[in-house]
Amino acid sequence: MGGKRKSTADVKTPPTVGRRPGRPRKNTPPEAIRRPGRPRKSEPGVEVPLARSPVPAQTLPSPRSEREEQANGGLLELARGAAAIAAAEEEEEQVRMRCDLCHGPLRPPIYQCTSVQHVACRDCGAGECRPCGGDPAAVFVHNAQLDALFGYIRVPCPFRKFGCASSVAYRDLAAHETACAWAPCACAECGYKGPPSGLLRHLTELSGRHAWTAHRITYGMDHRFAVPVPESSEQQCEDRGLLIAEDGAVFLVAVGGAGGVRRVTVVCVRGNVGTGPVYSSSVEVAGPDEARRLKLEKKVAASCSAPVEFDVLAQPECDTVPVYPEMLHGEELHLCIRIGKTKIICS
């Protein structure tokens, strides 16, 4: 009853079972202690819903922007037309901004008439604006803003459907077309137009109109062929065949002529004759003996884009090999052809 109170200085207080409100426990998962309102970090296999942001209200065009559009001479309209050019990648035929006088592609320097209705290319933009109907006040002046606009716009190559994946500045489009290695070849008799590989199928189909023969070759190797010729030297001789190289390149072997002397040559089949790989050619007419042989070697073989219309007699004599009657093997012409691939010209 009246004993001394025990001292608590040396007695350890047991840890509290609970914690103060608002303090997380040590073994509480991280997901349970995040503050409300903060987005969770994405974790593997867990989809976290994203908070939707309010949709901004659409702003109405100000009167000032309309005045600027009129002051710039319809530049927004031209920009929309240029955007249509870029969107033409998905269309079959490409839409282009053209000169209102010659209807050619617009290339800087670009001119615009003072009535803000017509544009002209560098070749046509001089003097009065004829499309304005003889208005003496309507003359073409240089527009530097249009130069900058068409200098930056890039459009796909018009030969995209034939395999070209290039994208060029619109002002350089005409130059690219004349140098593009994917330019199509044509058959005027049938109206066909396509890459050399497609033209090859068109010309060699047995059920087709042409049914030409085709042979596979290897670069740097000699290949021998026998070409049938008419028995009479006065009868017109015209024969064409195709050679297919290991990389898919197509070459035309053309024989033609009458009056006792025939001619033969080999050319590469491609759309643009000045682009792509450079080929060398060797064509030898093998007569019955060594004394009756002629050989023509060229470091740069010629090219053509329309093999059906190719006329060997219209070619320079230095590009063809003459074939005399004494060089024939009966009714056959024996040829030895070798094609070489040297280098590639960048367009």
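What you see is a predicted model; the values in this text were computed from it and never measured. Counting begins at 1 with the first residue of the sequence. Reckoned from all heavy atoms, side chains included, excluding hydrogens, waters and symmetry mates.
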Same cluster for [X] and [Y] if Ile/Leu/Val/Met/Phe/Trp/Tyr side chains link at under 4.5 Å?
| X | Y | value |
| --- | --- | --- |
| Leu101 | Tyr111 | yes |
| Trp182 | Tyr192 | no |
| Phe225 | Val321 | yes |

State, to 0.1 Å, how close [X] and [Y] come at their nearest heavy-atom pair, and which atoms those are.
| X | Y | answer |
| --- | --- | --- |
| His118 | Cys132 | ND1-SG, 3.3 Å |
| Cys180 | Cys157 | SG-SG, 3.8 Å |
| Asn272 | Ala183 | ND2-CB, 3.3 Å |
| Pro156 | Leu173 | O-CD1, 4.2 Å |
| Thr320 | Pro322 | O-CD, 3.9 Å |
| Cys304 | Val267 | SG-CG2, 3.8 Å |

Nearest 0.5 angstrom please: [X] [atom1] to [Y] [atom2], how far?
| X | Y | atom1 | atom2 | value |
| --- | --- | --- | --- | --- |
| Asp319 | Arg263 | CG | CZ | 10.5 Å |
| His334 | Arg224 | NE2 | CZ | 10.5 Å |
| Ser166 | Arg154 | OG | CZ | 9.0 Å |

Q: Start with the C-alpha gap between Val323 and Val261, add the side-chain angles, then the distance that decides, and say whether side chain to side chain contact (heavy atoms under 4.5 Å, CB included) holds.
A: CA-CA 6 Å; Val323 182; Val261 180; over 6 Å; no
(Q) Going by side-chain contact (heavy atoms from CB on, under 4.5 Å), Leu252 matches just one of Val312, Leu243, Leu242. Which one? (A) Leu242
Main-chain N/O of [Y] paired with [X] side-chain donor or acceptor, under 3.5 Å:
| X | Y | value |
| --- | --- | --- |
| Ser281 | Val266 | no |
| His223 | Thr218 | yes |
| Asp147 | Ile110 | yes |
| His202 | Cys190 | no |
| Arg293 | Met327 | no |
| Arg270 | Pro277 | yes |
| Glu309 | Ala188 | yes |
| Glu332 | Leu328 | no |

Heavy-atom check, side chain of [X] versus side chain of [Y], under 4.5 Å:
| X | Y | value |
| --- | --- | --- |
| Val119 | Leu146 | yes |
| Phe310 | Thr265 | yes |
| His210 | Cys187 | yes |
| Leu200 | Trp212 | no |
| Ser282 | Ile337 | no |
| Phe251 | Ile244 | no |
| Leu333 | Leu335 | yes |
| Val308 | Arg240 | no |

Q. So Tyr324 and Arg292, side chain to side chain contact (heavy atoms under 4.5 Å, CB included) or not? Walk me through it.
A. CA-CA 9 Å; Tyr324 301 98; Arg292 289 177 284 187; over 6 Å; no
Q: Report, as yes or no, whether the 6.0 Å neighbourhood of atom NZ on Lys298 holds more than 12 heavy atoms from other residues, nucleotides or ligands.
A: yes
Q | Heavy atoms of other groups near Glu317 CD, more than 12 under 6.0 Å | A | no
Q) Passes side chain to side chain contact (heavy atoms under 4.5 Å, CB included), Val278 versus Val300? Steps please. A) CA-CA 6 Å; Val278 174; Val300 179; 3.9 Å; yes
Q: Just say parallel, tilted or perpendicular for the rings of Phe162 and Phe159, cut-offs at 30° and 60°.
A: tilted
Q.
Between Glu297 and Arg338, does any side-chain N to carboxylate O distance fall below 4.0 Å?
A. yes
Q.
Would Tyr219 and Ile339 count as a side chain to side chain contact (heavy atoms under 4.5 Å, CB included) here? Give the steps.
A. CA-CA 5 Å; Tyr219 289 126; Ile339 303 294; 3.9 Å; yes
